[in-house]
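Here the structure is laid out as structure tokens; the discussion comes afterwards.
The basis for the numbers below is simple: all heavy atoms, side chains too, and nothing from hydrogens, waters or symmetry mates.
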Amino acid sequence: MMDRDRNKTLLLELQRAAGTDNGRCADCGEPDPEWASYKLGIFICLNCSGIHRNLPQISRVKSLRLDFWENDIIEFMKKHGNLCAKAKYEAKVPPYYYIPQSCDCLVLREQWIRAKYEREEFVATRVCQDPCSAGSREGFLWKRGRESRQFQKRRFLLSAREGVMKYYTKESRGPKAIISIETLNAMFQTEKIQHAHGLQITYNTDGQTRNLFVYHESGKEIVDWFNAIRAARYHYLRTTFPAVPEPELIPRITRNYVKEGYMEKTGPKQKEAFKVRWFCLDSQERNLMYFKNPLDAFAQGQVFIGKMHEGYEVRAGLPQGVRVKKRKPAITVVTPMREFVFICENDREQREWIDALNGVIAQPLTG
């Protein structure tokens with residue numbers, strides 16, 4: 001019993017020890033990890049421990065507080081730790097490779113863990129692919145049809161060298177779309193697409209944002225596609241903006257929407273009936289887009305969100321003189337041209353939308 005208590009105390013001290021990185025999950029960065037892999041010598045969170053359980057050849061997990069820790073395992077943990085593992089397993093992570101955080105979907109976190117420890121893709125002895133080669137890929141993805149709304153197998157071709165992504169509906173014909181890497185974006189949308197490997201690809205065509213919704217049965221394959229798109233984007237940004245420092249470039253490779261969800265909107269006279277629409281806030285493009293359905297190919301409309309000194313503002317509540325029957329929280333987005341009125345489902349949604357919109361208003365305009 002004494003050993004058990006002493007070892008638990010030692011373990012918790014190790015987790016909190018300065019200069020070890022043990023205070024955050026080795027795989028997703030979640031603070032105060034409560035689990036550890038005693039085969040790899042790392043401290044991990046509950047969610048990542050579930051992924052490690054599926055890799056018994058590489059990793060074995062225990063709870064810091066609930067399980068018994070033998071003396072020799074404590075010694076092993078002392079000699080290793082998160083910083084030590086990072087130096088070994090993350091020695092050569094390419095700058096474009098997406099390192100997931102605790103809020104990211106399961107497939108991203110699982111493939112990151114498998115890439116590191118199972119496939120050892122980033123150890124020092126590995127030769128790194130240059131972004132141009134890494135940003136070239138060909139294969140099949142299941143794509144949702146714009147009209148049919150059914151998922152069908154389509155051939156996709158990505159070429160960082162040519163600066164394009166293409167997809168084909170019929171082998172004998174030319175590409176259905178040629179997408180410039182300049183406006184290409186990708187984000188995981190597992191809930192929206194209702195598939196654990198669901199990916200949303202967006203690009204600009206004739207001044208509009210076009211959405212493609214795809215997935216692959218293999219988790220590794222869809223994450224490889226995502227990182228290939230990131231490599232192609234990185235190659236494009238690095239060659240187009242050679243003077244821009246790396247820390248400024250990385251966040252621009254791909255992006256998630258700041259916030260998405262349903263709100264109700266009225267027309268320009270603010271007397272029209274309120275209609276439920278799906279909204280997406282893109283902070284990089286400074287656009288609040290709205291769709292009839294979340295999986296529509298094109299938005300019904302969009303509101304540009306400029307800076308406060310240009311006359312943009314977001315307010316809680318309705319504009320003066322506007323009356324609604326529903327007793328629900330509202331938002332007024334003020335632009336130089338007009339005021340847009342949106343009704344939220346509840347107070348929490350209203351707060352989140354106001355915070356998200358204020359975040360975009362406050363950020364500097366980029367060229």
Side-chain angles (χ1 to χ4, degrees), residues 1-126 128 219 223 227 230 245-251 253 256:
M1 195 65 190
M2 275 179 68
D3 260 9
R4 187 186 182 103
D5 290 343
R6 184 178 64 88
N7 285 354
K8 188 188 283 186
T9 305
L10 280 170
L11 208 56
L12 291 169
E13 281 174 6
L14 262 181
Q15 191 247 51
R16 297 185 194 112
T20 61
D21 252 9
N22 295 341
R24 289 188 171 272
C25 173
D27 296 322
C28 75
E30 178 81 1
D32 305 316
E34 293 273 309
W35 291 74
S37 166
Y38 59 90
K39 214 168 174 181
L40 293 165
I42 56 172
F43 292 82
I44 53 177
C45 70
L46 175 64
N47 287 335
C48 290
S49 77
I51 299 167
H52 279 259
R53 278 186 198 281
N54 294 327
L55 308 171
Q57 302 302 315
I58 291 129
S59 186
R60 293 286 170 92
V61 299
K62 282 185 188 232
S63 162
L64 303 188
R65 297 176 188 276
L66 305 175
D67 292 320
F68 176 70
W69 288 77
E70 294 83 355
N71 293 345
D72 58 333
I73 298 180
I74 294 285
E75 287 307 308
F76 180 79
M77 295 299 292
K78 272 187 194 173
K79 287 176 188 164
H80 292 80
N82 291 5
L83 214 56
C84 185
K86 192 177 181 130
K88 178 182 176 180
Y89 294 106
E90 297 181 35
K92 282 193 174 173
V93 181
Y96 55 79
Y97 193 96
Y98 185 78
I99 298 175
Q101 297 172 316
S102 56
C103 56
D104 281 306
C105 62
L106 177 63
V107 69
L108 269 173
R109 289 183 288 112
E110 182 184 351
Q111 289 308 315
W112 165 237
I113 288 166
R114 286 185 181 273
K116 278 203 289 185
Y117 310 119
E118 189 177 52
R119 302 193 290 269
E120 293 194 352
E121 287 182 18
F122 315 119
V123 293
T125 50
R126 281 291 182 112
C128 268
V223 173
N227 280 306
R230 285 181 60 86
E246 196 96 321
E248 285 179 38
L249 214 63
I250 302 297
I253 297 176
N256 293 337

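Atoms CG and SG, from Asp21 and Cys84 in turn, are 11.5 Å apart once rounded to the nearest 0.5 Å.
Nearest approach of Gln111 to Tyr97, heavy atoms of both residues: O-OH, 4.2 Å. Nearest heavy-atom pair, His80 versus Leu40, reported as atom, atom and distance to 0.1 Å: CB-O, 4.3 Å. The shortest non-hydrogen separation linking Leu108 to Pro100 is O-CG, 3.5 Å. Annotation for Arg24 and Pro31: closest pair NH1-CD, 3.7 Å, computed over non-hydrogen atoms. A pairwise comparison of heavy atoms in Ile74 and Asn7 identifies CD1-O, 3.5 Å as the closest pair. Minimum interatomic distance between Ala91 and Val123 (heavy atoms only, all atoms of both residues): CB-C, 4.2 Å.
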Problem set entry | Trp69 and Leu64: CA distance, side-chain angles, deciding distance, side chain to side chain contact (heavy atoms under 4.5 Å, CB included) verdict | CA-CA 8 Å; Trp69 288 77; Leu64 303 188; 4.2 Å; yes
For this session: List the steps and the verdict of side chain to side chain contact (heavy atoms under 4.5 Å, CB included) for Thr20 and Leu14.
Result: CA-CA 8 Å; Thr20 61; Leu14 262 181; 5.8 Å; no
For this session: Dump the intermediate steps for side chain to side chain contact (heavy atoms under 4.5 Å, CB included) on Ile44 and His52, then the final yes or no.
Result: CA-CA 9 Å; Ile44 53 177; His52 279 259; 3.6 Å; yes
Problem set entry | Pair Asn47-Ser102, side chain to side chain contact (heavy atoms under 4.5 Å, CB included): steps then yes or no | CA-CA 8 Å; Asn47 287 335; Ser102 56; over 6 Å; no
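A 4.5 Å side-chain heavy-atom check between Asp67 and Tyr38 finds every atom pair outside the cut-off. In this structure, Arg53 and Trp35 have side chains that are in contact, with non-hydrogen atoms separated by less than 4.5 Å. Side-chain contact between Leu12 and Arg65: present, with at least one pair of heavy atoms (C-beta onward) separated by less than 4.5 Å.
Atom NZ of Lys39 has more than 12 heavy atoms from other residues, nucleotides or ligands within 6.0 Å. More than 12 heavy atoms of other shown residues, nucleotides or ligands fall within 6.0 angstrom of atom CD in Glu246.
A donor-acceptor distance shorter than 3.5 angstrom exists from the side chain of Arg230 to the backbone of Tyr96, with no hydrogens or angles considered. Judged by distance alone, with hydrogens and angles left aside, the side-chain atoms of Asn22 form a donor-acceptor pair with the main-chain N or O of Asn82 at under 3.5 Å.
Only one option out of Cys45, Cys103, Pro33 pairs with Cys28 in a side-chain contact (heavy atoms from CB on, under 4.5 Å); it is Cys45.
Ring to ring, Trp112 and Phe122 are close: their centroids are under 6.0 angstrom apart.
A donor-acceptor pair shorter than 3.5 Å cannot be found between the side chains of Asp27 and Tyr89.
Using a 4.0 Å cut-off between charged side-chain N and carboxylate O, Glu90 and Lys116 make a salt bridge.
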